[in-house]
Amino acid sequence: MAASYRAAGDDTAARTVQLAKHRHHRATLPRWTRPWGYLQDITVGYGFRPWRAAAWLIALMTAGAALFAAHHPPPLKPGEAPQFNPVIHTLDVLLPIIDLGQEKAFNPEDWYQRLAFAPTVLGWVLATTVAAGVTRALGRQ
């Protein structure tokens, strides 16, 4: 059915059919493997809804900026670090490819250090998903 929609030029309907297929398949899996499927569905729609990844990135950026604004991490080298900016620092932690100089200049301590690990991992996954979605959208042009 998805191939028919795609052949007719209705890519949105084809993706909807494929998403339904993944959701149906998830219901047939053992219970212990279903949470991963639910996570993929909620976050990126099994890759068929990449705009969700961009929304999650924005939400993580907002939450991280608020967290780092409330608790500035100390500089690694006092006097040499750039002025701390919670938004830029969060972007530097979240986005894997760019280096804005904040992440390497400041050192979160205690539980903030462990908490900063999650956005890094999520940033890799979500940024990759957004890039794949943009590439797919541009490829259809």
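This is a predicted model, so every value here is computed, not measured.
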Side-chain heavy atoms under 4.5 Å apart, restricted to Ile/Leu/Val/Met/Phe/Trp/Tyr: what other residues fall into the cluster of V17, or is it alone?
M1, Y5
Linking directly or through intermediates, with side-chain heavy atoms under 4.5 Å: list the remaining ILVMFWY members grouped with W32, chain and number order.
none
All side chain to side chain contact (heavy atoms under 4.5 Å, CB included) counterparts of L60, not counting sequence neighbours:
L94, L122, L126
Please name all residues satisfying side-chain hydrogen bond (donor to acceptor under 3.5 Å, both in side chains) with Q18, sequence neighbours left out, ordered by chain then number.
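R6.
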Could I get the full list of side-chain hydrogen bond (donor to acceptor under 3.5 Å, both in side chains) partners for R23, not counting sequence neighbours?
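So R23 forms a side-chain hydrogen bond (donor to acceptor under 3.5 Å, both in side chains) with D41.
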To check you understand the geometry: which heavy-atom pair defines the closest contact between R31 and P35, and what is its length?
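Where R31 meets P35 most closely, the heavy atoms are O-CD, 3.3 Å.
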Donor-acceptor check, side chain of T62 to backbone of I58, threshold 3.5 angstrom: yes or no?
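Confirmed, T62 side chain pairs with I58 backbone.
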Answer yes if W56 and V93 sit in the same cluster of Ile, Leu, Val, Met, Phe, Trp and Tyr residues linked by side chain heavy atoms under 4.5 Å apart, and no otherwise.
no
Strictly by salt bridge (Lys or Arg N to Asp or Glu O under 4.0 Å), give each pair with a member in residues 92-102 just once, sequence neighbours left out.
D99-K104
What is the distance from atom CD of Q102 to atom CZ of F68, rounded to the nearest 0.5 Å?
10.5 Å
Would one find more than 12 heavy atoms of other residues, nucleotides or ligands at under 6.0 Å from atom NE2 of H25?
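For H25, atom NE2 is not crowded (no more than 12 foreign heavy atoms under 6.0 Å).
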With a cut-off of 3.5 Å and sequence neighbours excluded, list every side-chain donor-acceptor pair involving residues 73-89.
residue : atom : partner : partner atom : Å
N85     : OD1  : V87     : N            : 3.0
N85     : OD1  : I88     : N            : 3.2

